[in-house]
Structures are given as C-alpha cells and as structure tokens.
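In what follows, chains carry the letters A, B, and so on, assigned in the order in which the sequence lines appear, proteins first and then strands, with residues in each chain numbered from 1.
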Number of protein chains: 2
Amino acid sequence: MVSFYKEYDHHLVALDCIIFGFDEGELKLLLLKRKFEPAKGEWSLMGGFLGKSESLDEAACRILNQLTGLSNIYMKQLSAFGDVDRDPGARTISVAFYALIKIDENDRLLAENHGAEWVSINELPVLIFDHSKMAEKALEALRRRTSREPIGFELLPVKFTLPQLQSLYESICGELLDKRNFRKQILETGLLVKLEEKDKESSKKGAYLYKFDHNKYNSYVEKGFLFQLKVKSGHIIKGNNSILD
Amino acid sequence: MVSFYKEYDHHLVALDCIIFGFDEGELKLLLLKRKFEPAKGEWSLMGGFLGKSESLDEAACRILNQLTGLSNIYMKQLSAFGDVDRDPGARTISVAFYALIKIDENDRLLAENHGAEWVSINELPVLIFDHSKMAEKALEALRRRTSREPIGFELLPVKFTLPQLQSLYESICGELLDKRNFRKQILETGLLVKLEEKDKESSKKGAYLYKFDHNKYNSYVEKGFLFQLKVKSGHIIKGNNSILD
DNA sequence: GCTTTAAGTGTAAATATTACACTTGTAATA
DNA sequence: TATTACAAGTGTAATATTTACACTTAAAGC
C-alpha cells in the first residue's frame, strides 16, 4: 500500500481482552501471569499486538482464540488507551475489548494452556500497567450494556435456570434482586423458552431449565423492540472526569 | 524509551473528531473539505495524526484546538476504527472522539480558518473513508450519554431558555417532547437556575433565561445522585451486529 | 385595541414499579 | 415411611412514575 502520510510517527498498537465469565455464582475475569518482560510474572489481561494485515476486531478475536481456543464469542470494543507512559516497555496504544464467555464449556483448555486463572471481580489482584483501569471500565460498560441488551445469556450455558440467571444479574449489578419481580420481568419479555427438563444441581426440588430465544430476539430488534432490564449501575464512580467514556 | 517489543508492526495512528454543535434549532456537525490527498476536496471530519509524545486525549484536544481555537471543551472518546483498508492513503488506526461545543461563541473563527462548515445531522453529505460510520456511532453515543448525563448544556450558551433546551433535546432524540412534561422533569432536577433576564429573540413575550448549576451537579454526583432524562434513542439501528459498541 | 405568536402553567388517568409470604417438590435423615 | 430441610415457584395491593391534555399570559405588529 502506498502511503501518503510518510512524515508521521508510527506506533505499536496492542489489543487487550477483558474476558468475563460467570461461575460459582460469581462474575469473574480471566487473568494470566505475564510471561515476558517487562513486568514478567505479574497479573495481566490477555493481550497481543496488531499485525499489518488484520483489523482491530480480527486481532482481538485472534488473541482471544489463542488463549481460549474459542471463536464466535460475544466481544465488543471498550476503548483505546493511549497514555504516553502506559506501557514501560514501549510507547504502545492499546485497544481494549471485552468478551463474554460460557465458562463451563471451556475452563479445561484455559488453565492448562496458559496458566490463565478465573478470578472473581471482587478479588481482583493489582494488574500491570493500566489494566486495572481497563477492567474497571469494562465492568461499567458491561453493566450499562446489560441494561439495554440481553447479553447475560452469553455468560450462561445454553440451558440455564431462572435462579442462575438472577444470580448472574445480581453479580453484574452488584445488588440483590427480588425473586418474584425478577422472574416476572424477565418472563414478560417472552424471550425465554421453558424446557421440560429440570436442573437438580442446586436444589432437591430442581429448577426448570430455560433457553434464550435468539431468533425471537433478533426479530424483535428488527421491529424496533427495545430490551430493557432495570439493572442499576451499582455504585457511582465518583468524580469521574475522564475524557474516556 | 527502550522497546521490549521490537519485532512487532508499527502503525499510523490518527485521531478524528466528531464535533457537535446546536444552532437554528438543529443539531449540527462541523465538517471540512479535505485539503490533501487522498480524497482531496471531499467532505471529512477534522483529523490528524498521533505524535510520539502526546496521549490520545492530548492529541484529540490539540486537533480540536487547531480547527476551532477552543480548549476546555467537552470531549469523549468514541471508539477506535481499524479496518485494514479504511484509509486508502495508508494503513491507519483512527481513534474517534466526539466534542460538544457552543456554536455561538465560535463560528467566526471556524469558517474563516479552515473552510469548515456546520451541517445539520439531517443533511450530512457522504464523508470520506469510514467517517460516516463514525458520525453515526457518535450520534448514537451522544443519545445514550444524554440520557444519563446532563451534557445538553455543553451545546447551549451559558444562558439559555427552556424552549431552546427542549428544542435541543428534541434534536438529539429525534422526536417531539411534551412541553409541560419536559419542563416539569428538567426543573425537578433542581439543576437549573432561573435568571431575571428574558431572551426576546424568538417570541414577543420573551422566555426566561436559565443557567445550569455545575457546582450543584458536581455535588450531586459526589453523593451518588443520578441524572436521568428519558431520552429515547430515536430509531433503533437494525441488524447491528458490529463488534464495535 | 385587535391580532398573532410563543411562553408558561396543573391535573387526572394510566402504567410501571415495588414490597411482601406462603406453598410445592424432593432428597436426606430420623 | 414420616419428618425435616431446602430452594423453587407463585400473586396482589400500594406506591410511584409517566403520560396525555388545553387554556392563560405577555408583548409586538398591525
């Protein structure tokens, strides 16, 4: 490709992935111990560098795939991070993405491959560089998006129970919800399909399994139907004057 | 700075600014005719390249300042755009920011300096590269943000009337609002200060001028108070499956 | 002083949200 | 096999929020 812009600076561009999962009633992030300098051995998000002939989205998917072996994962760009000294290794612009994965299907691959570990968002260690900031922003973004899009289902198995779903929403928004109101609200959307099967893992009585009706949701979206769940943002972030969203 | 990452590709990083203004009852974007190749003479957003020793935020502010002469402007990062062929001039990653400015104070500087022009968002021309997509995303982001933060005031003069404010909100959300409900809602926040003066530009009777109470708002934010205006997102964007927010 | 124009004002009906407690089914155990 | 323990499942009334709606007021222009 011919460049018309030869006189301008070129930069390293990195991708970092904030990978959310839900397990044992807790929202978790997939973290790993960095295997190279600088900051070798410290906790970090999964990351990598942008190649010449891949888009940001492609690169983010590639990196997620390298770590988890997964593709076709729910993933959204969070933001670009570009402070001059954010990475002591070199001036690097990082574009952060967050991904939602169904832990059950995948935890095997992970731990073995890369020394990756699922850590509860309530017990996050200090992360390298500005990765803690990225994780915090990703959680805020997840909360906001959860209130306007039915993305919780990306974090649960295809078949799930209402108590599981409620627990997930409670983890995301950081507060307890009323069981009856929650069930009423979520069932009213008409987007859940009740199955005959029950899950007996967590109670003697067993809880009915449901599926999310993706087709119905897509047709609702086409018609201009808006999914709205009253998910509060948890605690407000005080004095947040960042130019970043 | 020593680089630990020598083997990775380096990229041009651009900044593009979606600059919103409000004038003559319409929400507008500041566009300019591109003055260099490629795509010389076509409509474009204001942009520039990231330098070695400036952060993304600093660079975005610098570029906005070059065009408008303004600083201390409300500005938020929108997203990074990184398709391989998005700019035919060279592989370039662009980080887009949107800014809200008070047109009245500034329109002089603009037109004269750079052949820039305010164009209604309802009459946008085709823009170069992926700038139309950026503008569309920025408008969506503005709508969402307007519903949870009192940013409309960034687009109005310091002193403004309630009919002006309502007209602005109508432009942003793309539908007409009920006058009494709007006034009730906005006054209930307690964030507007009524002045003794009237503005007589748009009616014989004249409309009272108000100011936004930034201090009070900041103290509310500290206390965890949430600004919430019911601004609908206008029309839903159909089949939006982009990995981008 | 009559007309025109936009500003300004309140209430009742409808809808949405919240708070709240008992019954059911099953497995484990006495 | 009866009892206990546990989480699943279910409905309603009170409250709060949102919506719809129409006339009066002030001042300029004729």
Does the separation of the ring centres of A:Phe160 and A:Phe153 fall below 6.0 angstrom? yes
Could you state the NZ-C1' distance from A:Lys204 to D:dC6, rounded to the nearest angstrom? 5 Å
Let me know the distance between CZ of B:Phe182 and P of D:dT18, rounded to the nearest Å. 15 Å
B:Tyr210 OH to C:dA7 P, in whole Å, measures 12 Å
Heavy-atom nearest nucleotide on DNA chain D for A:Tyr208 versus B:Gln185: which residue maps closer to 5'? A:Tyr208
Counting only N and O atoms by type, is there a donor-acceptor contact under 3.5 Å from the side chain of A:Ser71 to the main-chain atoms of A:Cys61? no
Just to be sure I understand the rule, does A:Thr161 reach a base, reach only the sugar-phosphate, or reach nothing, if contact means heavy atoms closer than 4.0 Å? nothing
OP1 or OP2 of D:dA20 under 4.0 Å from side-chain N/O of B:Arg180: no
Counting distance alone, no hydrogens or angles: does the base of C:dA7 have a donor or acceptor under 3.5 Å from a partner atom on the side chain of B:Lys205? yes
Counting N and O atoms only, with roles assigned by atom type, does the side chain of A:Lys216 sit under 3.5 Å from a partner on the main chain of A:Gly190, one being a donor and the other an acceptor? yes
Could you tell me the Watson-Crick or G-U partner of C:dA30, where both distances fall under 3.5 Å? Say none if there is no partner. D:dT1
Once you round it to whole Å, what is the distance between P of D:dA20 and CG of B:Leu177? 11 Å
Sugar-phosphate only, base, or nothing, as touched by B:Lys200 at under 4.0 Å among non-hydrogen atoms: sugar-phosphate
Less than 4.5 Å apart, side chain to side chain, heavy atoms only: is that true for A:Phe20 and A:Leu139? yes
Integer-rounded Å distance: D:dA20 C1' and B:Lys179 NZ: 15 Å
May I have the distance from A:Glu197 (atom CD) to D:dA8 (atom C1'), rounded to whole angstrom? 17 Å
For DNA chain D, whose closest nucleotide is more 5', that of A:Arg183 or that of B:Asn181? A:Arg183
Is there a donor on the side chain of A:Lys184 or the base of C:dT18 sitting less than 3.5 Å from an acceptor on the other? yes
Distance check needed: D:dT10 C1' versus A:Leu187 CG, whole Å only. 11 Å
Rounded to the Å, how far apart are B:Leu176 CG and D:dC21 P? 14 Å
Tell me, do B:Thr68 and B:Ile73 make a side-chain contact under 4.5 Å, heavy atoms counted? no
